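Below: one structure, written as structure tokens.
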Amino acid sequence: ELFPEKLEGIQDYSTIEHAFIENNSQATTTSTSYVNVTGSFIASGNFTAGKKYLLYVTAQVGNSAGNGVFAQLIHGTTAFAESEQGYEPGAANKAIYGFFIVWTAVSNEGIQLQFRSNSGSANIDQISMVSINLADNLTENTDWFFNQVATDSALSTTFLDGGAVTFTPGTAGQDWLVLSYMQADPGDTTNSEISRINRSGEASSSLPESRYEVPFSDKINGFQLVRVFNLSAASNTFKEQSATSAGTAHTRLHSSIFILNLNKFKNHAFAYTENDAALSATNYATQLQTLSITPDVAGNVWVGTYWGFDRNNAARESEFIVQVDNIDQPAGQTTDNYQFSQGSDATDEHPETLSTMLNLSATTHTINLNASSDDTTGAPTGQQGTLWAVSMELSASADTTSPAWSSNSTNGTTAGTFIQHSVNWTDNTALSGYIFSFANRTGVFVNDSFVIFTGTQNWSNVSKWVNTTVS
């Protein structure tokens, strides 16, 4: 007997499958080899082999001796090479770690955040790890898109295309979350690495953009940028683009872009302000962004922020917090009062990101992004302030229709032989896979492993040796 991978009553499709961990206890290490960050993992039981997941990770890293700190994400025991980043923000400061990837899950593998020091005591705090199942309720290249470039490329003053997606939304007026990521290996300490989200087609934009000079060339830097766009039913192209302010010493190691239709979820909200806002020297006194969201039902809501810290003075440091209903989310940000510094030049525009998930009641909630600088000398500003919030409940238009089957057949009925079992499957959006369950004359059904298949129509064909005796 065959069972489809999607069955009404077997899985709840009102909520998209997701997992989240938040770790607000600062961890330290003096190890110069990677070690696991305690409590910062999503276990293998949250993933189904062969299915695709969005992984989105943010953290705040430092080194109390003023030396370097490195972080990376692993699946099982294998590192996502593109996830490694290293910073040297100063003894009293933190740097932002931000990474995302679309991962095809591997059997018995979870994900784990790791860190190390290159000398002294490295630290990591305010860790957020989100996974969202993209396979079961969303359709690739319709509801979401992902593209990456893993080829090393020398950067120049001409912007170099990286991960790129071109598509035409099926419905006008919907909101699309656009994430970009660039990993760079700096070759000098005098010229800036630059990353931006470039849009063309229906409209043109090259923001957000981030840049900074690194104080040390033996580190690896990451640029995680975010913006939400409202699109019409016209062709749009989004690209991560990279460059350097001068010279050709910097190398881009990885580039990727991810796009998600937020209207596939029951509730979402976003806010974006392009213009610069002068930052106060009073902690968190400048509100860079605000939004409100009213979930239809109580449940988990993914909240994220991006903004650019425009230093305008090489000595400036930033601070920022995200609050939901005037309470720190994640908890402890105000008390931590971390100062952020990732570059070494007055022209730096640092990418500042943070992600969290919390259970919200079915009432209106206000989310604020507040920021400040250590001093107003040089007139530092916050720019391209972005907030987004999206419920993990699916909209009514998301796929909740189970696959249909027909032409259930076998090529024989003789015991003691191999018999092929075949079923034709169709679905209104996309098939993802099936599990074959077989009793083999024992009276007890045993499940095979999940088998992936694609399209809106496909055949499952399974051959089994049939026992000659009944037990």
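Index from 1, following the sequence. Note that this is a predicted model, so its numbers are computed, not measured.
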[atom2] on [Y] to [atom1] on [X], rounded to 0.5 Å:
X: N283; Y: N370; atom1: CG; atom2: CG; answer: 11.0 Å
X: F41; Y: N46; atom1: CZ; atom2: CG; answer: 9.5 Å
X: W176; Y: L262; atom1: CH2; atom2: CG; answer: 9.0 Å
X: D185; Y: H254; atom1: CG; atom2: NE2; answer: 15.0 Å
X: T58; Y: E22; atom1: OG1; atom2: CD; answer: 8.5 Å
X: I327; Y: N368; atom1: CD1; atom2: CG; answer: 12.0 Å

State whether the side chain of [X] and the backbone N or O of [Y] hold a donor-acceptor pair below 3.5 Å, judged by distance alone.
X: E349; Y: T347; answer: no
X: D328; Y: Q333; answer: yes
X: N23; Y: T38; answer: yes
X: S391; Y: N267; answer: yes
X: W307; Y: L288; answer: no
X: Q126; Y: A331; answer: yes
X: S83; Y: Q72; answer: no
X: D296; Y: A362; answer: no
X: T244; Y: S192; answer: yes
X: T305; Y: V303; answer: no

For residues [X] and [Y], determine if any side-chain heavy atom of one lies less than 4.5 Å from a side-chain heavy atom of the other.
X: V214; Y: K219; answer: no
X: D374; Y: Q339; answer: yes
X: L113; Y: I124; answer: yes
X: V61; Y: F115; answer: no
X: N63; Y: S117; answer: yes
X: N123; Y: V69; answer: no
X: E393; Y: P295; answer: no
X: M129; Y: L73; answer: yes

- Message: For M182 and I194: C-alpha separation, side-chain torsions, deciding distance, then whether side-chain contact (heavy atoms from CB on, under 4.5 Å) applies.
- Response: CA-CA 9 Å; M182 192 267 278; I194 308 171; over 6 Å; no

Ring geometry between [Y] and [X] (parallel below 30°, tilted from 30 to 60°, perpendicular above 60°):
X: F80; Y: H75; answer: tilted
X: Y212; Y: H350; answer: perpendicular
X: F340; Y: Y338; answer: perpendicular

Looking at every non-hydrogen atom in both residues, tell me the closest pair between [X] and [Y] and how far apart they are.
X: S153; Y: L160; answer: CB-CD2, 3.4 Å
X: L369; Y: T386; answer: CD2-O, 4.3 Å
X: A81; Y: Q183; answer: O-NE2, 3.1 Å
X: S280; Y: S372; answer: O-CB, 3.2 Å
X: E209; Y: Y306; answer: O-OH, 4.1 Å
X: A71; Y: Y97; answer: O-CE1, 3.6 Å

- Message: Are F258 and Y181 an aromatic pair, judged by ring center distance below 6.0 Å?
- Response: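 No, the ring centres sit 6.0 Å or more apart.
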
- Query: Under 6.0 Å between ring centres, would you say that holds for F47 and Y53?
  - Reply: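 Centroid separation for F47 and Y53: below 6.0 Å.
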
- Task: Evaluate the side-chain contact (heavy atoms from CB on, under 4.5 Å) criterion for residues H18 and V130: first the C-alpha distance (whole Å), next the side-chain angles of each, then the deciding distance (0.1 Å), finally the verdict.
- Result: CA-CA 7 Å; H18 63 281; V130 175; 5.8 Å; no

- Message: I'd like to know whether F238 forms a ring pair (Phe, Tyr, Trp, His ring centres under 6.0 Å) with F229, so could you lay out the CA-CA distance, the side-chain angles of the two residues, the decisive distance to 0.1 Å, and finally the verdict.
- Response: CA-CA 11 Å; F238 291 94; F229 294 84; 4.9 Å; yes

- Could you give me the CA-CA distance, side-chain angles and deciding distance for N198 and S206, then say whether side chain to side chain donor-acceptor pair (under 3.5 Å) is met? CA-CA 4 Å; N198 177 265; S206 57; 5.5 Å; no

- Let me see the working for W103 and S131 under side-chain contact (heavy atoms from CB on, under 4.5 Å), right down to the final yes or no. CA-CA 10 Å; W103 177 52; S131 74; over 6 Å; no

- Check step by step if side chain to side chain donor-acceptor pair (under 3.5 Å) holds for N118 and N67. CA-CA 7 Å; N118 70 340; N67 298 313; 5.5 Å; no

- Picking from R227, R196, R199, R252, what satisfies salt bridge (charged side-chain N to carboxylate O under 4.0 Å, His left out) with E240?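 Exactly one pass, corresponding to R252.
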
- Out of R311, R211, R316, which residue meets the salt bridge (charged side-chain N to carboxylate O under 4.0 Å, His left out) rule with D348?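 By the salt bridge (charged side-chain N to carboxylate O under 4.0 Å, His left out) criterion, D348 pairs with just one of R311, R211, R316: R311.
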
- Message: Quick one, S235 with T166, criterion side-chain contact (heavy atoms from CB on, under 4.5 Å). Give me CA distance, side-chain angles, the key distance, then yes/no.
- Response: CA-CA 7 Å; S235 179; T166 298; 3.7 Å; yes

- Task: Go through the steps for N236 and E202 under the test side chain to side chain donor-acceptor pair (under 3.5 Å), then give the verdict.
- Result: CA-CA 6 Å; N236 281 270; E202 175 191 354; 2.9 Å; yes

- Evaluation steps, side chain to side chain donor-acceptor pair (under 3.5 Å), between S341 and E317: CA-CA 5 Å; S341 177; E317 300 164 358; 5.5 Å; no

- Item | Identified side chain to side chain donor-acceptor pair (under 3.5 Å) partner of Q174 from the options N261, N263, N230 |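 The side chain to side chain donor-acceptor pair (under 3.5 Å) with Q174 is passed solely by N261 among N261, N263, N230.
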
- Return yes if a side-chain donor-acceptor contact under 3.5 Å exists between S292 and T366, otherwise no.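 Short answer, no.
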
- Query: For W302, which of F270, Y56, F20 qualifies under ring-ring contact (aromatic ring centres under 6.0 Å, His included)?
  - Reply: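 Filter result, single survivor: Y56.
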
